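Reading through the structure tokens given below for one structure.
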Amino acid sequence: MINSLDGVGGAGRQQGAPELVTGGRDGSVKVWDVRQEVPVAVMEPAEGEPRRDCWTVAFGNSYNTEERCVCAGYDNGDIKLFDLRAMKVRWETNVKNGVCCVQFDRRDIEMNKIVATTLESGVLVFDGRTQHPERGLTCLRERAHKSTVWCVRHLPQNRDIFMTCGGSGSLNLWQYTYPAKRRDRDAGGDFGVMGTLTQLQSGIVSSQPVSALDWSPDKRGLCACIAFDQTVRVLIVTKLQLYG
Amino acid sequence: MVVNTTKSESLRAKYDLDIEQLDYKYIGQCTKVKTIENILRVLRSGQEGVYPDLVRFTEERLRTLKPSSALLRTEQPATALRFLDSKERDELLSDLTEWKQEVSAADAELKSSESAKEPADQQLPPVRGTVQLRSATVGERKPEPEQKPARIASYDYAAWDRYDVEAQLKLLDESDAPAAPPQPAVQPPSDPAIDDQPPVEGLSAAERSALALREKQKGNEYFRSGDFSRAAVYYTRSINASPTAAAFNNRAQANLKLGKYGSALMDCGAVLRREPNNVKALLRRGIARQMNKDWIKARLDFQRVLELEPNNPQARQHLGEVEKAIIGSETKRSKVLIQEVDSMEEEGPAARPPAAGSSQPRRWSTFEFMREWRCARRSERSAAAMAALLRSVDPDQLTEVLGAELDSALLSSVIRCVDEVMLAQDGPQRCHQLLQRLTDARRFHVVKLLLDARDRQRLQSIAERLWRRGVDVTALERSFLS
């Protein structure tokens, strides 16, 4: 069973091969090329290891024709970052709560930020630009929605603004502000420095959990979301141009 | 019940708050954000009793101390359209209708354009070889998870048919190469290989400008995050997809921040050729010139800005500095602070190319003219750009402007430009006049001997066409081809 799916590439839009990635209940993450019937890459636990449920997958770091990463979140709170060029695990961490959704702020630039949302109201922002040899990626934690955060979607017109959807039926709009210096150094090497996260707006749209949302790539601020009350809602967020 | 009591005691105890601290007077005087937040948590829990007024008072106090506190976040129902006041609603709806029309027009254009058909496969990178990765278990971390390619059973003929030997070999090479040196766990933060050239092959004009807009947005994002070199790369990509004044202008600003004043100067020049009165570009060019210690020209730019916007504070400040530098002396070095010339420009596709015929003659110095000429020759539609430049020169001053700079390359490009563009657009008289003036230029009689067969052919064809349209070309032919 497939829990999650993401796509990247294709002529004219982004660089690189047109590929899909799926995350399955059996814990396997499979990358598919649309021109071929069998998966081109499979990432799964070795035999004998416990198989966790993979809840979410996302492409990123696809800034030229070769580089590409997949980020996957699992039900036990694992987040793994697979480098598809080198075919290895680039980074992994555990955030203690099931990871419902991960997304790169843009798929087609160098890895910049990764946002992950979890059960029990966790919103986490990772700085993907600097990876410390031991500490890995630096993280910023926020609590929101007072329930499961189902989904995160970055605004296509501005990567530093994103919306999260909560189990309480609410939507939160966030803006990330960069610190003056994004990188610092300690004995082990460079590590990333996080900025701040500001809540721009918050609104309740349903009495049931809002499970998915997507922005319009053409019209800034236009988005659609679905909730468990079996309703599709179209929303418009105004005054976004004030934030850059 | 017992459990509840212990819990309630523990919340106030947990924050180490005294019962007397839950009081208007104390809260009104307290300036510690943390304490106020803790008091608010205790009050909201209701464990010490319900005091709605005191809660509101505490919230107000917190709002004055720290407006961004997470405790002050409230969730209100999202506004429905029918609850908006009529003015706002009309604005919103008309904006949406406008956008709908725009987007359906763009959609129709894209559908009719050629590249809407399936993109050719050869544009895409090849399918990657099939690989499998057994990841490390949770908790324990293997430094380098081994890579196990899927083994194909010897009897699985269908799979062997699909087996791509070359892809596998390439994969082996790839996996061998990094294994040789002890690979650092983290890739060094070097400059990545971002291509200057976005994938524009086979795209229609509408698609290219949409791509240019997206790349410019990425540039703006990098600029905001303080990464100016990547911002410049993405502005370059935007320009390569479809050049706009806004992208040039933003790249100029990124280059200023990077201290690349020469590049900034050229970018501002590109903007000003498209929009001669662009205040930001003038201001940025002025700053670039000031940093290059070209005081006199910098002063001209700042003066021009003040003509257009008499109250521009930055232009005033810079003009003051430049004037001081001019008056001061060559020995005294003045330090200049760069300030941001406003922010990014959003409007991309509205940039207009220079209108033909609208260019008025201006006084060129030889140096300026040659610099612009070189830019024009390198530009994408070089013939048109050169023609625009030639039109901007007063024919009677051509000899003067060219000075001693006339060489065979320049002469050959002028001939090409007349042949391809100007003869059709500017009429025979103007072309004749231009070529006639060219013969008066210094070194002409030496340079004309260096023209190659192709140029001579072009000249013949120009002369023929001029003659057919009733222009006496005997003098011209004599000076060029004898």
Side-chain angles (χ1 to χ4, degrees), chain A residues 10-12 15-18 33 35-36 38-46 49-50 52 63-65 76 78 80 82 84 86-89 92 94 106 109-110 129-133 143 157-160 168 170-171 178 182-183 189-190 198-199 202-205 218-219 235-236 238 241 244, chain B residues 68 70 73-79 92 96 99 103 115 119-121 123-139 141 144-145 147 150 162 174-175 178 184-187 189 192-195 198-199 202-203 207 211 217-218 220-221 224-227 230 343-344 346:
Chain A
Q15 283 161 301
D33 194 298
R35 296 163 289 184
Q36 185 178 303
V38 292
V40 290
V42 179
M43 281 80 76
E44 57 186 1
E49 288 172 4
R52 306 308 311 210
Y63 60 88
N64 61 21
T65 48
N76 61 345
D78 272 356
K80 289 175 196 272
F82 302 105
L84 291 185
M87 270 319 281
K88 58 181 226 177
V89 180
E92 63 180 327
N94 186 289
R106 271 183 191 280
I109 59 170
E110 268 173 283
R129 278 289 289 283
T130 320
Q131 188 177 348
H132 189 271
R143 296 180 70 78
Q157 290 83 7
N158 184 350
R159 66 177 188 196
D160 300 324
S168 56
S170 57
L171 299 176
Y178 294 94
R182 286 190 71 178
R183 178 175 289 154
D190 284 0
T198 324
Q199 193 183 66
S202 149
I204 301 167
V205 295
D218 297 313
K219 176 72 182 164
L235 299 121
I236 181 142
T238 52
Q241 70 278 10
Chain B
S68 62
R73 289 175 190 157
T74 50
E75 291 191 332
Q76 311 250 312
T79 322
L92 200 61
L96 276 177
W99 168 72
V103 102
S115 61
D121 248 10
Q123 282 179 10
L124 298 174
V127 179
R128 63 179 91 231
T130 305
V131 278
Q132 211 157 8
L133 178 71
R134 304 278 178 180
S135 64
T137 44
V138 187
R141 209 172 281 180
E144 284 203 335
Q147 171 190 329
R162 285 194 299 268
E174 272 174 12
S175 61
V186 189
Q187 296 181 344
I194 303 172
D195 207 348
L203 296 188
E207 286 171 308
L211 180 66
Q217 268 169 359
K218 288 183 206 164
N220 289 355
E221 286 166 355
R224 274 197 296 271
S225 72
D227 193 338
R230 283 183 182 76
S343 53
M344 274 73 73
E346 273 309 318

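Worth saying up front: this structure is predicted, and the values here are computed from it rather than measured. Note on naming: letters A, B, ... go to the chains in the order of the sequence lines (proteins, then strands), and numbering restarts at 1 for each one.
Residue B:Q217 holds its CD atom at 11.5 Å from CZ of A:R159, rounded to the nearest 0.5 Å. To the nearest 0.5 angstrom, B:K218 atom NZ is 13.0 Å from A:Y63 atom OH. How far CG of B:L92 is from CD1 of A:I236: 5.0 Å, rounded to the nearest 0.5 Å.
The salt bridge (Lys or Arg N to Asp or Glu O under 4.0 Å) check on A:R143 picks up nothing, with sequence neighbours excluded.
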Q: Let me see the working for A:K219 and B:V103 under side-chain contact (heavy atoms from CB on, under 4.5 Å), right down to the final yes or no.
A: CA-CA 9 Å; A:K219 176 72 182 164; B:V103 102; over 6 Å; no
(Q) For a salt bridge (charged side-chain N to carboxylate O under 4.0 Å, His left out) check, start with the C-alpha distance between A:R129 and B:D227, then their side-chain angles and the critical distance, and finish with the verdict. (A) CA-CA 12 Å; A:R129 278 289 289 283; B:D227 193 338; 3.0 Å; yes
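Heavy atoms of A:L171 lying under 4.5 Å from chain B are absent altogether. Of the two parts of A:T198, neither the backbone nor the side chain holds a non-hydrogen atom closer than 4.5 Å to a non-hydrogen atom of chain B.
For the set A:I109, A:V205, A:T65, the entry with the most heavy-atom pairs within less than 4.5 Å of chain B is A:I109. Contact count versus chain B (heavy atoms, under 4.5 Å) is highest, among A:S168, A:P39, A:S202, for A:S202.
Residues A:N158 and B:E221 share a closest heavy-atom pair of CA-OE2, 3.2 Å. Of all the heavy atoms in B:V127 and A:Q36, the pair that sits closest is CG1-OE1, 3.1 Å.
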